[in-house]
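We number each residue from 1, following the sequence as shown.
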Amino acid sequence: KKLLSKLGSEDIPASTRRYPHIVFAAQRPAGKDVLTVEDLAYADEDGASLSNFTFTLHRGERVALVGEDASVCSTLLSLAAEEMIPTAGSLQWGGSTTRGHFPKNYESYFVGDSNLIDWLRQFSENKEENFIRSFLGKMLFTRDESLKSIRVLSGGEKVRCILAKLMLQGPNSLILDGPTNHLDLEAITALNNGLLAFAGTVLFNSQDMAFVESLATRVLVCDAERGIVADHRTYAEYVQAHLNNAKDR
């Protein structure tokens, strides 16, 4: 205690923690009804299947998909992103929606040996280098780091690249499948704050429960056979219902 009392602010080393600057700004607003899903079903060649999914996503909502089988949530997000085709039912996006997708498996984005500037440039209408560098800089790729080859990126760096791509494209609806995976605490905090400030709509899942609790305005509980089995207004309601179900068993 005596040693602490003698410390001045000049004796405390500066923090080395670096926070990305994550800002999602939609280029145009979406309509009131963003996504309508009715009796959606899916089956693949390996026998995995989903059925009976019905829900509506409204403008400004941040909806978390949760369930005991995480693959169900991932499949539903891939269907919502139109990366897979449903075998039955309907999935209708509003006419004014623009969508950005953070997939569970993003390795296909990083094929080749281009540097980060050229990699991000392919997703931009504005090809000027300073414009591209501004988004990389927000994700902590500064100066020489922006010339790094995509072939040598770590998992966390690839996630930051995908987030830079989403910021650059400016969609009004985001589909995020495990965006906190491979991120450090500083980047998760920046992503959380960026999504809280986002005026658009978010459909997501995450293994980071603190992230879900802070962000979600609704929680949909997904089951492969029964579809959406519960719709909770808060994450706390979902946790309490889960505990009550466990006691009943």
Side-chain angles (χ1 to χ4, degrees), residues 12-27 29-30 60-66 73-74 77 81 98-107 109-110 115-117 119-121 123-124 126 130-148 150 152-219 234-235:
I12 301 174
S15 173
T16 58
R17 299 173 71 180
R18 300 170 69 202
Y19 288 84
H21 183 59
I22 300 178
V23 178
F24 298 106
Q27 294 183 359
E61 287 191 306
R62 299 188 297 270
V63 177
L65 301 179
V66 301
C73 301
S74 289
L77 289 171
T98 53
R99 300 179 292 285
H101 182 212
F102 183 102
K104 182 178 182 179
N105 186 351
Y106 40 75
E107 292 301 326
Y109 282 97
F110 300 96
N115 63 45
L116 292 185
I117 294 174
W119 178 85
L120 189 58
R121 183 182 277 129
F123 304 108
S124 176
N126 185 338
N130 286 340
F131 178 78
I132 302 299
R133 279 183 177 272
S134 68
F135 286 92
L136 291 172
K138 291 175 183 177
M139 300 310 297
L140 306 181
F141 295 110
T142 57
R143 298 179 181 177
D144 291 344
E145 288 183 340
S146 62
L147 299 175
K148 182 182 293 189
I150 61 172
V152 300
L153 296 177
S154 68
E157 288 173 327
K158 289 178 180 178
V159 171
R160 286 189 276 131
C161 284
I162 297 294
L163 293 175
K165 167 183 172 292
L166 294 178
M167 288 194 295
L168 184 152
Q169 293 176 319
N172 55 38
S173 302
L174 294 171
I175 305 164
L176 310 176
D177 191 354
T180 55
N181 296 346
H182 303 295
L183 291 181
D184 57 23
L185 179 60
E186 291 81 8
I188 292 174
T189 300
L191 176 59
N192 195 327
N193 291 337
L195 290 172
L196 285 171
F198 179 48
T201 306
V202 185
L203 184 66
F204 74 103
N205 73 349
S206 173
Q207 295 180 348
D208 187 326
M209 295 299 99
F211 180 82
V212 175
E213 182 176 15
S214 170
L215 192 60
T217 58
R218 283 171 65 200
V219 176
T234 66
Y235 179 74

Side-chain touch [X]/[Y], heavy atoms, less than 4.5 angstrom:
| X | Y | answer |
| --- | --- | --- |
| L195 | L174 | yes |
| Y235 | M209 | yes |
| L163 | F102 | yes |
| L116 | I150 | yes |
| K165 | L120 | yes |

Could you pull out all residues at least two apart from F110 that satisfy ring-ring contact (aromatic ring centres under 6.0 Å, His included)? W119
Taking all non-hydrogen atoms of both residues into account, name the closest pair between [X] and [Y] and its distance.
| X | Y | result |
| --- | --- | --- |
| L140 | R160 | CB-NH1, 3.6 Å |
| C161 | L153 | SG-CD1, 3.9 Å |
| S173 | F198 | N-CZ, 4.3 Å |
| P171 | R99 | CB-C, 3.6 Å |
| I22 | F24 | CG2-CE1, 3.4 Å |
| P20 | A190 | O-CB, 3.3 Å |

Euclidean distance, [Y] [atom2] relative to [X] [atom1], rounded to 0.5 Å:
| X | Y | atom1 | atom2 | value |
| --- | --- | --- | --- | --- |
| N126 | I132 | CG | CD1 | 6.5 Å |
| N192 | L185 | CG | CG | 10.5 Å |
| L168 | K138 | CG | NZ | 9.0 Å |
| L136 | K148 | CG | NZ | 11.5 Å |
| L203 | D177 | CG | CG | 9.5 Å |
| E145 | I117 | CD | CD1 | 12.0 Å |

Does CD belonging to E107 count more than 12 external heavy atoms closer than 6.0 Å?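 Atom CD in E107 is crowded, with more than 12 foreign heavy atoms closer than 6.0 Å.
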Where do D208 and L183 land on the side-chain contact (heavy atoms from CB on, under 4.5 Å) test, with the steps shown first? CA-CA 11 Å; D208 187 326; L183 291 181; over 6 Å; no
Applying side-chain contact (heavy atoms from CB on, under 4.5 Å), run through T142 and R133 and close with a yes or a no. CA-CA 8 Å; T142 57; R133 279 183 177 272; over 6 Å; no
Could you go through the side-chain contact (heavy atoms from CB on, under 4.5 Å) check for V159 and N181 one step at a time? CA-CA 8 Å; V159 171; N181 296 346; 5.7 Å; no
Residue pairs passing the salt bridge (charged side-chain N to carboxylate O under 4.0 Å, His left out) test with at least one member in residues 188-202, sequence neighbours excluded, are none
Applying side-chain contact (heavy atoms from CB on, under 4.5 Å) to E157 and F141, what does each step give before you reach the verdict? CA-CA 9 Å; E157 288 173 327; F141 295 110; 3.9 Å; yes
